[in-house]
Protein chains: 2
Amino acid sequence: MRADDIPEIRALGLFREMEAENFDTLVRGGYFQTFPPQVDLITEGDAADFLHIIVSGSVELYAGWNARETSMATVGPISTFILAATIRDAPYLMSARTVEKSRIILLPSNDVREVFERDHAFARAVVTELAQCYRSVIKNTKDLKLRTSLERLANYVLRRHHGNGGALEFELGQEKRRLASLLGMTPENLSRAIKALRPHGAEIDGTWVRITQKNDLERLAKPSRLIDDHCS
Amino acid sequence: MRADDIPEIRALGLFREMEAENFDTLVRGGYFQTFPPQVDLITEGDAADFLHIIVSGSVELYAGWNARETSMATVGPISTFILAATIRDAPYLMSARTVEKSRIILLPSNDVREVFERDHAFARAVVTELAQCYRSVIKNTKDLKLRTSLERLANYVLRRHHGNGGALEFELGQEKRRLASLLGMTPENLSRAIKALRPHGAEIDGTWVRITQKNDLERLAKPSRLIDDHCS
DNA sequence: CGCTATGTTGATCCATATCAATAAGTGTGG
DNA sequence: CCACACTTATTGATATGGATCAACATAGCG
């Protein structure tokens, strides 16, 4: 592992408070790897051998069943994924593949569990992280079950708007087919939803998103703190 | 709190390993209450003042948005709910109401967080519990996004079959309207799905479920360890 | 016993999926 | 640098799963 990446990792909420000695244990056993785009990192059903930390690039989490496939999340730097499987020493529930060239740290699950047993600060940080993840998935379920696809798209645009510091124009940052799957619809349906959104104050043109009438968009989207807030 | 309920609580995975002193702190500050059916225990958006433990009866977790409502889970004894909100000191993402007469322990969230800071064993148990919850919700999302409503019903029947020790006949144990909402469909649609399931080896008649051709049912349901397993 | 909830069934409507064709990018090798 | 192949995006036509509306049946419950 490159020495100058270590401080960055150490600064993550998950590792910030833990004992230096335990942090060293984790880092010493870890691997730092760079992957090209479209590489499968993990396959659902496999044993969770490593906790993954994405340092640059982006990774898609997806799941399949009976020849169908759906995108579950896109994760960017700097965050971890499949923490729950690591902790429970259980099989992955999702697969992961790189979207673009990505640098990823792999920490052996055994080490993570061992340090987790010893280090109270680390254990607390894991709890905070997991509780956050749990709440995100609950919000996602509410989004899926309570909203139509158009409403989901409208709220997605607003969430991205807030995530970009309130910019009215920003890049989509991913393929539409993946966004469609993430939002629980087909690519064709997303195309139509994008057209249907135009008279409600949002345009998506190629890779660019522009909010033209925020009021209109919000009237349609009816964003909720209990579904759309990123933190809390 | 009644003295003879305490050992039962203490035996829960969440509390089993923690320091006696800390357990006492939690229990001393807790309330034990009995609620009639259809009582609202918590409302989404409120501050998470208490960690709830259901000792008998059953509780429905549900969520609403824009005049729509959906059932998120039904939880029975002995388990906790809204642990994540308690830990993060964040608003509830779901509401909860009793389904039947229920006995419930309320532990002040402040106490839980305080003990959580002090007691490593408790913190570890919280992690295990949360990781479990997280994985359940992920499985539920996969169920929703990857399967049709008929497939979800078929798999639900098979899960209940396994949950009842492999019995081919068992009680539904809840109103069909709630089951419908839980599975992400309308009551009408569930009625039709039930009829459609008959030629595939499962009958639901009133409150009774009977599996007549397990092979047929499994051929339709294609249950997956990574969606339908209760543990792991 | 009614009364109110819940469940069923039928008719219809709507959202979304599917199928098919075309267009627009994107990357590769000559 | 262009031509080709291949993937992705769009658009239209159609099919279908599921929702909605309405009527009726049934079952709890006071």
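Note on naming: letters A, B, ... go to the chains in the order of the sequence lines (proteins, then strands), and numbering restarts at 1 for each one. Only heavy atoms go into these numbers, but all of them, side chains included; no hydrogens, no water, no symmetry mates.
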Discussion item. Could you tell me how far apart A:Asn189 (CG) and C:dA20 (P) are, to the nearest whole angstrom?
Written reply: 19 Å

Item to complete: Assign each of A:Arg152 and B:Glu188 to its nearest nucleotide of DNA chain C by heavy atoms, then name whichever residue's nucleotide is nearer the 5' end.
Response: B:Glu188

Item to complete: Using atom CG of B:Leu172 as one end and atom P of C:dT6 as the other, report the distance to the nearest whole Å.
Response: 15 Å

Response to the item:
The glycosidic conformation of C:dA5, counting syn as within 90° of 0 and anti otherwise, is syn

Practice prompt. Carefully, step by step, assess B:Glu60 and B:Ser71 under the rule side-chain contact (heavy atoms from CB on, under 4.5 Å).
Written response: CA-CA 7 Å; B:Glu60 176 187 14; B:Ser71 196; 2.8 Å; yes

Worksheet item: If you measure from the Lys or Arg side-chain nitrogens to the Asp or Glu carboxylate oxygens, is any gap between A:Arg225 and A:Asp229 under 4.0 Å?
Response: no

Item to complete: Identify the 5'-most and 3'-most nucleotides of DNA chain D with at least one atom closer than 4.0 Å to a non-hydrogen atom of chain B.
Response: D:dG18 to D:dC21

Response to the item:
Regarding the side chain of A:Arg192, the nearest nucleotide among C:dT16, C:dA17, C:dG7 is C:dA17

Worksheet item: Separation of A:Leu144 atom CG from C:dT16 atom P, in whole Å?
Response: 12 Å

Worksheet item: Nearest-Å distance, NZ (A:Lys176) to C1' (C:dT26)?
Response: 15 Å

Discussion item. Going by purine N1 to pyrimidine N3 plus the second Watson-Crick contact, or the G-U wobble pair, all under 3.5 Å, which nucleotide sits opposite D:dG18?
Written reply: C:dC13

Fill in: side-chain hydrogen bond (donor to acceptor under 3.5 Å, both in side chains) between A:Arg152 and A:Tyr156, intermediate numbers included
CA-CA 6 Å; A:Arg152 291 199 295 275; A:Tyr156 175 81; over 6 Å; no

Fill in: Side-chain touch B:Asp40/B:Arg97, heavy atoms, less than 4.5 angstrom
yes

Worksheet item: Whole-Å distance between C:dT16 C1' and A:Leu153 CG?
Response: 14 Å

Worksheet item: Within the pair B:Ser191 and C:dT9, is there a side-chain N or O less than 4.0 Å away from OP1 or OP2?
Response: no

Fill in: Residue whose nearest DNA chain C nucleotide is more 5′ - B:Gln174 or A:Thr186
B:Gln174

Worksheet item: Where do B:Thr148 and B:Glu151 come nearest, in terms of heavy atoms and distance?
Response: N-OE1, 2.9 Å

Worksheet, complete the sentence: Nearest heavy-atom contact between B:Lys101 and B:Pro37 is N-CG, 3.8 Å

Discussion item. I'd like to know if the side chain of A:Asn140 reaches the main chain of A:Ser136, judged simply by a donor and an acceptor atom lying under 3.5 Å from each other, with no hydrogens or angles considered.
Written reply: no

Item to complete: Take the protein atom CZ of B:Arg178 and the nucleotide atom P of C:dT6, then report the distance between them rounded to whole Å.
Response: 9 Å

Worksheet entry | Any-strand Watson-Crick or G-U partner of C:dA5, both distances under 3.5 Å | none

Discussion item. Rounded to whole Å, please give me the gap between CZ in A:Arg177 and P in C:dT26.
Written reply: 15 Å

